[in-house]
**Q** 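First the structure, which I've put down as structure tokens, then a few questions once you've had a look.
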Amino acid sequence: MPTSDNPAPREPGPANPGPLVGADWLADRLGDPGLVVFDASVGAHRAAGRRIPGARPFDLDGALSDHAAPVPHTMPGPAALTEALRALGLHDTDTVVVYDGAGVYSSARAWWMLRAMGFDRAAVLDGGLPAWTAAGLPVEAAGPEYGGPRGSFTARPRPGLLIDAEAVAAALADPAAAVLDARTRDRFEGTAPEPRPGLRGGHMPGAASLPFGELQRPDGLMRPAGELRAAFEAAAGGRERLRFSCGSGVTACVLALGADLVGYRDLAVYDGSWSEWGLPSPQRPVVTGPGR
């Protein structure tokens, strides 16, 4: 007889589709056993009041970040993440599609977090909720928080996918590595103010600018593989060891998604990103201008 310690066998979710799926792929499988859809919208998009039917909240502004950390959107520890995702009903055998209301923005952060904790059965919805609605697919009113059965997910951390300031400093000194900054070019160059108070303007010495929006087409879908590869080669100068930063570790994951799609494998995201590096500190130098 099944118990909480020995649950009944579960039907696994659909075959892992890879890191990116289209709205048609999800529409054909929505409601299938073992398929979990997460809404990882942040800020105003989280409060938009509509969702893909059955979507569960992957709340990066809430339980899916470590609020005891000094900077926003810090990855929770394995125990906290395990608890948060079990509370959302996630099982290790499930297949996840994660989206957000902006397009491909914070959904990539949720995908990278899952990967960093050993869960590979996840994909980002290309174009997010805007692409879903543009295809004429149904939405529903965002209801109360998920209240279904608990899951059995267990975090299995993979060291090195999320890195700290010391690892970034080492990458900046490594001729085989490239540190790519996903913020807008004016923030990178220090000609626009940072949206978070107390941060210096500019970028890390030796970093290169690759705004995350440049990986997307005007309609919000990710660019074709050839265009993505060209963007990374231009920014990274042919280097294959890529480290990504942004404002708070969210849109850096869009770069990680794009790089993964075109075959880069030595990838890491700076969890603290500019929210940490940009704080006044003689140990973390900042320069302005166009950069490398």
Side-chain angles (χ1 to χ4, degrees), residues 7-64 81 84-115 117-153 216-217 219-222 253-254 257-258 260-261:
R10 286 180 53 82
E11 184 175 345
N16 186 21
L20 193 70
V21 298
D24 54 349
W25 187 96
L26 178 57
D28 288 344
R29 295 162 179 82
L30 195 65
D32 282 3
L35 178 68
V36 173
V37 180
F38 281 137
D39 181 349
S41 302
V42 295
H45 292 286
R46 176 167 168 73
R50 58 181 183 165
R51 66 187 182 193
I52 292 175
R56 307 174 194 179
F58 195 105
D59 188 4
L60 291 166
D61 292 327
L64 274 302
L81 191 75
L85 291 177
R86 285 184 178 183
L88 288 172
L90 181 65
H91 295 272
D92 289 317
T93 56
D94 288 338
T95 298
V96 167
V97 175
V98 60
Y99 75 93
D100 65 72
V104 179
Y105 182 75
S106 49
S107 52
R109 171 69 180 187
W111 166 79
W112 191 254
M113 288 170 63
L114 289 166
R115 176 170 285 199
M117 285 296 176
F119 187 92
D120 288 329
R121 300 175 61 87
V124 171
L125 177 62
D126 196 9
L129 189 61
W132 179 267
T133 56
L137 295 166
V139 296
E140 65 182 10
E145 297 298 311
Y146 173 78
R150 287 175 60 83
S152 59
F153 168 83
Q216 299 171 10
R217 307 184 329 192
D219 61 4
L221 300 177
M222 296 294 287
C253 299
V254 179
L257 173 64
D260 185 86
L261 286 169

**Q** If the condition is side-chain contact (heavy atoms from CB on, under 4.5 Å), which residues does Ala135 pass it with, not counting sequence neighbours?
**A**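 Ala135: side-chain contact (heavy atoms from CB on, under 4.5 Å) contacts with Leu137.
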**Q** Just how far is it from atom CG of Asp59 to atom CD of Glu145, taken to the nearest 0.5 Å?
**A**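 Between atom CG of Asp59 and atom CD of Glu145 there are 7.0 Å.
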**Q** Assess the residue pair Leu129 and Val139 against the criterion (side-chain contact (heavy atoms from CB on, under 4.5 Å)); give the C-alpha distance rounded to whole Å, side-chain angles, the decisive distance to 0.1 Å, and a yes or no.
**A** CA-CA 9 Å; Leu129 189 61; Val139 296; 4.0 Å; yes
**Q** What residues, two or more places apart in sequence or in another chain, satisfy side-chain hydrogen bond (donor to acceptor under 3.5 Å, both in side chains) together with Glu140?
**A**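 Checked Glu140 against side-chain hydrogen bond (donor to acceptor under 3.5 Å, both in side chains); matches are Arg51.
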**Q** Going by the rule side-chain contact (heavy atoms from CB on, under 4.5 Å), which residues pair with Ala87 if we only count those two or more places apart in sequence or in a different chain?
**A**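 Glu83, Arg150.
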**Q** Can you name the closest pair of heavy atoms from Leu64 and Met113 and give their distance?
**A**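 Answer, listing the atom of Leu64 first, then Met113: O-CE, 3.3 Å.
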**Q** List for me each residue that meets side-chain hydrogen bond (donor to acceptor under 3.5 Å, both in side chains) alongside Arg56, sequence neighbours excluded, and say none if there are none.
**A**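 For Arg56 there are no side-chain hydrogen bond (donor to acceptor under 3.5 Å, both in side chains) partners, ignoring immediate neighbours.
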**Q** Considering all heavy atoms of both residues, which atom of Gly103 and which atom of Pro130 are nearest to each other, and what is their separation?
**A**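 For Gly103 and Pro130, the tightest heavy-atom pair comes out as N-CD, 4.0 Å.
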**Q** Given side chains that start at C-beta, do those of Thr95 and Pro17 come closer than 4.5 Å, heavy atoms only?
**A**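 Yes, at least one pair of side-chain atoms sits under 4.5 Å.
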**Q** Mind checking ring pair (Phe, Tyr, Trp, His ring centres under 6.0 Å) for Tyr99 and listing every partner two or more places apart, or none if nothing turns up?
**A**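 With sequence neighbours excluded, Tyr99 shows a ring pair (Phe, Tyr, Trp, His ring centres under 6.0 Å) to no residue whatsoever.
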**Q** Less than 4.5 Å apart, side chain to side chain, heavy atoms only: is that true for Leu125 and Ile52?
**A**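 In short, these two side chains touch, coming nearer than 4.5 Å.
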**Q** Any heavy-atom pair between the side chains of Arg121 and Pro12 that's under 4.5 Å?
**A**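 In contact.
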**Q** Any side-chain heavy-atom pair from Phe119 and Leu85 closer than 4.5 angstrom?
**A**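 SC-SC contact between Phe119 and Leu85 ruled out.
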**Q** Taking side chain to side chain donor-acceptor pair (under 3.5 Å) as the cut-off, I'd like each qualifying pair that reaches into residues 25-36, sequence neighbours left out, listed once.
**A**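 For residues 25-36: none.
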**Q** Quick one, Val254 with Val124, criterion side-chain contact (heavy atoms from CB on, under 4.5 Å). Give me CA distance, side-chain angles, the key distance, then yes/no.
**A** CA-CA 10 Å; Val254 179; Val124 171; over 6 Å; no
**Q** Does the side-chain contact (heavy atoms from CB on, under 4.5 Å) test come out yes or no for Thr133 and Arg50, once each step is laid out?
**A** CA-CA 11 Å; Thr133 56; Arg50 58 181 183 165; 3.9 Å; yes
**Q** Taking C-beta and beyond as the side chain, do Val96 and Trp111 meet within less than 4.5 Å on heavy atoms?
**A**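 When only atoms from C-beta onward are counted, Trp111 and Val96 do not touch, as no gap falls below 4.5 Å.
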**Q** Considering residues at least two apart in sequence or located in another chain, which fulfil the side-chain hydrogen bond (donor to acceptor under 3.5 Å, both in side chains) criterion with Arg217?
**A**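 side-chain hydrogen bond (donor to acceptor under 3.5 Å, both in side chains) check on Arg217 returns Asp219.
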**Q** Closest approach of Ala123 and Gly18, non-hydrogen atoms and distance?
**A**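 So the two residues come closest at CB-O, 3.0 Å.
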**Q** Quick check: do Val42 and Arg109 have side-chain heavy atoms less than 4.5 Å from each other?
**A**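 Result no, sub-4.5 Å side-chain heavy-atom pair not found.
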**Q** Counting C-beta onward and ignoring hydrogens, is there a side-chain heavy-atom pair between Tyr105 and His45 closer than 4.5 Å?
**A**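 Not touching, per the 4.5 Å side-chain cut-off.
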**Q** Asp24: which residues meet the side-chain contact (heavy atoms from CB on, under 4.5 Å) condition with it, sequence neighbours left out?
**A**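 Per chain and number, Asp24 pairs via side-chain contact (heavy atoms from CB on, under 4.5 Å) with no residue.
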**Q** Taking all atoms of both residues into account, what is the closest heavy-atom pair of Ala110 and Ala40, and its distance?
**A**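 Smallest heavy-atom distance, with atoms named: CB-CB, 3.9 Å.
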**Q** Report the residues that fulfil side-chain contact (heavy atoms from CB on, under 4.5 Å) with His91, sequence neighbours left out, ordered by chain and then residue number.
**A**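 By the side-chain contact (heavy atoms from CB on, under 4.5 Å) rule, His91 matches Arg10, Thr93, Asp94, Ser152.
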**Q** How about Pro53 and Val37: do any of their side-chain heavy atoms sit closer than 4.5 Å?
**A**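 They are not in side-chain contact.
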**Q** Give the minimum heavy-atom separation between Ala63 and Ala84, together with the two atoms involved.
**A**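 Answer, listing the atom of Ala63 first, then Ala84: O-CB, 4.2 Å.
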**Q** Please name all residues satisfying salt bridge (charged side-chain N to carboxylate O under 4.0 Å, His left out) with Asp120, sequence neighbours left out, ordered by chain then number.
**A**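 With neighbours one apart ignored, the set is Arg158.
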**Q** When rounded to the nearest 0.5 angstrom, what is the spacing between CG in Leu90 and OH in Tyr146?
**A**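 The CG atom of Leu90 sits 9.5 Å away from the OH atom of Tyr146.
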**Q** What's the separation between atom CG in Asp92 and atom CZ in Arg86, rounded to the nearest 0.5 Å?
**A**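 So the gap between those two atoms works out to 8.0 Å.
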**Q** Please report the closest heavy-atom contact between Val104 and Gly127, naming both atoms and the distance.
**A**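 Looking at all heavy atoms of both residues, the closest pair is CG2-N, 3.4 Å.
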**Q** Report the residues that fulfil side-chain hydrogen bond (donor to acceptor under 3.5 Å, both in side chains) with Ser107, sequence neighbours left out, ordered by chain and then residue number.
**A**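 Per chain and number, Ser107 pairs via side-chain hydrogen bond (donor to acceptor under 3.5 Å, both in side chains) with Asp100.
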**Q** Do the side chain of Asp126 and the main chain of Met222 share a donor and acceptor less than 3.5 angstrom apart?
**A**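 At least one qualifying donor-acceptor pair exists.
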**Q** Please enumerate all residues that pass salt bridge (charged side-chain N to carboxylate O under 4.0 Å, His left out) together with Asp260, with sequence neighbours excluded.
**A**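 Salt bridge (charged side-chain N to carboxylate O under 4.0 Å, His left out) list for Asp260, sorted by chain: Arg115, Arg265.
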